[in-house]
Amino acid sequence: MGRQGTEGVRAGGPRDAVCGVVPARTARPRDTEELAGLLAEADRRGWSVAARGGGTGLDWGGRPPAVDLLVDTRGLVRIDHDAGDLVAEVGAGTPVSELTAVLAAAGQRLSADPVRAGGTVGGMLATGLSGPRRLLTGALRDLVIGMTVVRPDGVAARSGGRVVKNVAGYDLAKLHVGGYGALGVIASAAFRLHPLPPALRLVELPLPSLAHAERRLALLRAGGAVPAAVDLDWPARGRSRLRVVLEGTPAGVDARAAEVVASLGGGLPAEEVRVSGELPPDWGLLPAGGTLVRLSVPPADAPAAAALAAELGGAAGTGARTTGSARAGALVTAFPPGADAGAVSAVLEGLRSRPGWSATVLRAEPHLHDAGIDLWGEVPGLEMMRAVKRAMDPGHRMAPGRFVTDTPHTRREERP
Amino acid sequence: MPETAHPIPAAVAALVPRLREICGGDGVLTDASRRRVYDTDGITHHREVPGVVVLPTTAAQVAAVVGLCAGSGVPFVPRGAGTGLSGGALPHPEGVLLATSRMRRIVEVDPDNECAVVEPGVTNLDVSRAAAPYGYYYAPDPSSQQVCSVGGNVAENSGGAHCLKYGFTVNHVRGLDVVTPDGVLTRLGGKAPDSPGHDLIGAFIGSEGTLGIATRVTVGLTRLPERTVTLLSAFTSMDAGGRAVSDVIAAGVLPSAIEMMDALAIEAAEAAVACDYPAGAAAVLIVELDGPAAEVRSQVAEVTRLCAAAGAFETRTAADADERSRIWKGRKSAFAAVGRISPSYIVQDGVVPRTALPEVLRRIDELSRESGIRVANVFHAGDGNLHPLVLFDDGEPGAGERAEAVSGAILDLCVEHGGSLTGEHGVGVDKACKMPRMYSPDDLATFDLFRGALDPRGIANPYKLLPTPRLCGEVPGVRTGVHPLVESGEAEQF
Ligand SMILES: Cc1cc2nc3c(=O)[nH]c(=O)nc-3n(C[C@H](O)[C@H](O)[C@H](O)COP(=O)(O)OP(=O)(O)OC[C@H]3O[C@@H](n4cnc5c(N)ncnc54)[C@H](O)[C@@H]3O)c2cc1C
């Protein structure tokens, strides 16, 4: 058993609220062992448990009926950086900004764009989302090479390791990235890192129409520029734009940017195609307020999906702005704060009706939770996920109501 | 051997009529002589004759067969091309061996969505061949790619020499149809990325057939690079070569491959294929750079400079396919070539952090000198994946055991230095008993919880991947001579 039982446990407050639900108590373990002791104690007492990091994603996911214990991971701060191996093992409570700064000092980075400012590494992993720069090095899930998780019964278990190439054992970290803590609390993770590229070019151009957007994306696929990101920004109204990020050597990125401009800029006035040397400070960040929907589509459908979200939103009387990786088909639709539950539902329904598309609500505003909106839609493999949940968290105490394995909306499986 | 040597066990025999209905008469092999063909995978010292072999042609047939197994508690073992090097496809003598060799359809190549949809028996290389007319290829390239199946790649999370830059199978699969051990067919993901809920695709990949059978795979395709350049750098010591590897990585260059060979491996390759590497080299590095021409040009200059600074006495640059294949020839032939300088050898597969390479190579050298067992080193230096070849004469009494001890000690070295028991060959039966060296009892129990969630009856490829008392007493692996696939020219081993 770990060192800590319930000592250091205090009453929860409004700043700890999970989707508006104030937890009965919170505790802040200082290391994995304390975290294990705490969860073992919660297990004995039958407490329901949720975890928090920076608190930037506490309003993401489903609303829990109640939380008996909120584990504050911000005491789990540790950066163990092997610069020569391009690997870092990081405590879950480490602020992403701190990790970024430490790695940058050694000329390295974790090649995933954070989508929220002020978050922790654990929060980023548990919500699973990363931004548009995923074409060369993969998304967040591709960069995790090992993970230590404390199970609901207080047992700390590791999968993977600290080397990039490793096929020993199941890759359990995959279940926890984007798993909202439903199978345990992430204590630490090891990441594969990349060198900071010496140079970057951002090519930005307007997309006057859907046909235009599709044509530009086809040209990009056919070209040899090898972008790190192809980011679409499709507002509810007004002109859309495409942003292409190139990373490499100074001479290399200049030549590649010129190629992209020559190939994609055709027919556009020269002053509308901009090339710059760095990303804007808000690159990849999602709006801090309002309902957010993750929209995954076959990549060639990305512009059509963004356009449809805007159109459905318009018809339902709300704005819907879609951004994200057009090349990967990984998009996010953002609604303005206060968007009506009926309108959001109408957009979701329209998007979910397309074969091969999925639309899941990342963050719902409180009135959407009140209205009982279906956050997940149809989730293929749900029966398998439920079997895993039953085995790993038989008491259904972890992240109650937060994740798809634990929601009232039971949808049928897709059968091939 | 007489037919009666391998009678069909009663529990399996009882299923045969139903299996015939499901797969058709020619899709069920009951003859001992025909079953014996499947008695081993790529590590030929583990042998078991399967109770029965089925060759389904559709996912529905796979689901029906597995459902039948689930209903009767008879174990099943999935098999692709049988090239696995950890005994993952070793049959169960009282079970069904389910081979995907008749599920070989490329369902679709979709260049607009940069993906292909294939059945599990399709060979890895056939995916790239089908994609080539569109300017694409399938990036994970195990050296067995001419024969190994995409289903087997999924089960082993296979990679190849180029995974340093492009990653493994798990980084390229977007969709999977799987038949879980309860006989249920489920479609996970598809052409879209980031399927909602838990990433079951990611967790299934690398599960070595213990969570079910993949019946359809949607793989992402990668644009063929505009330019590829291969460098060969020769050094007078392994230390100097190792330093060059570290310097290249530290400089922020990400080659698609960095391969290294030591003097013994070079000697073997010269003897076998006269690859004409620089005379007097105690180590050679092969570095491949690919990408946009504008980037590759400066990277070639940078790598050449760094190798020279680390002590390379000669660096050759190959820019066309012909010259490139001449450089790769020695490397690709190395495993088979070792058969020329030693009657028997063990191929080990372990991983160390790249920075530990010089230290671990020195320790391997010491082990070799102390034991009098020669070790040739040929490996993926960029990601620290060692493939030491432990040479011995199986005619000499006790030599096999001593070689085995050296091979095991090398794995211990890998784990001690923070590495892994296996970088690409998997755990299978071969390393199941070694898992406790790398993972704690709690870690292993957690793996088992996950396995049990999807296979509560324990019928999916039992005795593989995790240690069990029944298994953990057997003698691990020895190979004699050249692998048959290499000999027949169907596969390269490197
Ligand atoms: C000469 C040689 C060179 C090699 N080089 C490499 C290399 O460079 N890199 C590398 O990673 N590996 C390499 N290997 C190992 C091997 O080729 C790979 O592991 C390959 O992916 C196995 O594919 P297979 O179709 O032969 O699978 P099999 O050997 O038939 O099976 C392997 C495992 O997968 C399971 N399985 C098979 N099909 C399915 C399915 N459809 N669903 C679920 N489970 C399934 C089996 O039960 C078994 O556990 C090499 C092997 C040889 C002989």
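Proteins get letters first, then strands, A, B, ... in listed order; numbering begins at 1 in each.
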Can you confirm whether [X] sits close enough to [Y] that some side-chain heavy atom of one is under 4.5 Å from a side-chain heavy atom of the other?
| X | Y | result |
| --- | --- | --- |
| B/E226 | A/V226 | no |
| A/P299 | B/E114 | no |
| B/P193 | A/R134 | yes |
| B/V170 | A/R141 | yes |
| A/P380 | B/R187 | no |
| A/R151 | B/T446 | yes |

Return yes if some donor-acceptor pair links the side-chain N/O of [X] with the main-chain N/O of [Y] below 3.5 Å, else return no.
| X | Y | result |
| --- | --- | --- |
| B/D199 | A/L175 | no |
| A/D85 | B/R354 | yes |
| B/E424 | A/V167 | no |
| A/N166 | B/S420 | no |

Structural part of [X] lying under 4.5 Å from a heavy atom of chain B:
| X | value |
| --- | --- |
| A/V253 | both |
| A/S358 | side chain |
| A/A218 | neither |
| A/A359 | neither |
| A/A156 | backbone |
| A/R221 | both |

Most heavy-atom pairs under 4.5 angstrom with chain A, which of [options]?
| options | value |
| --- | --- |
| B/L254, B/I249, B/L211, B/L466 | B/L211 |
| B/R174, B/M435, B/R223 | B/R223 |
| B/G291, B/A203, B/G220 | B/A203 |
| B/D383, B/V352, B/V296 | B/D383 |
| B/D110, B/L200, B/V178, B/L224 | B/L200 |
| B/L188, B/D194, B/N157 | B/D194 |

Side chain, backbone, both or neither of [X] within contact of chain A (heavy atoms, under 4.5 Å):
| X | value |
| --- | --- |
| B/E156 | backbone |
| B/P441 | neither |
| B/Y134 | neither |

query = With sequence neighbours excluded, what pairs up with B/F204 under the ring pair (Phe, Tyr, Trp, His ring centres under 6.0 Å) test?
reply = none
Nearest-0.5 Å distance that lies between atom [atom1] in [X] and atom [atom2] in [Y]:
| X | Y | atom1 | atom2 | result |
| --- | --- | --- | --- | --- |
| A/Y170 | B/I205 | OH | CD1 | 14.5 Å |
| B/K165 | A/T137 | NZ | OG1 | 11.5 Å |
| A/R162 | B/H417 | CZ | NE2 | 13.5 Å |
| B/H198 | A/L183 | NE2 | CG | 4.0 Å |
| A/M392 | B/L449 | CE | CG | 6.0 Å |

request  = Please report the shortest heavy-atom distance between B/M438 and A/A168, naming the atom on each side.
outcome  = SD-CB, 4.0 Å
ask   = Do the side-chain N and O atoms of A/S159 and B/Y439 include a donor-acceptor pair separated by under 3.5 angstrom?
value = no
ask   = With sequence neighbours left out, what residues match B/D442 under side chain to side chain contact (heavy atoms under 4.5 Å, CB included)?
value = A/V155, B/S440
ask   = Does a sphere of radius 6.0 Å around CZ in B/R437 hold more than 12 heavy atoms from other residues, nucleotides or ligands, not counting ones at 6.0 Å or beyond?
value =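 Yes - once you tally the heavy atoms of other residues, nucleotides and ligands closer than 6.0 Å, there are more than 12.
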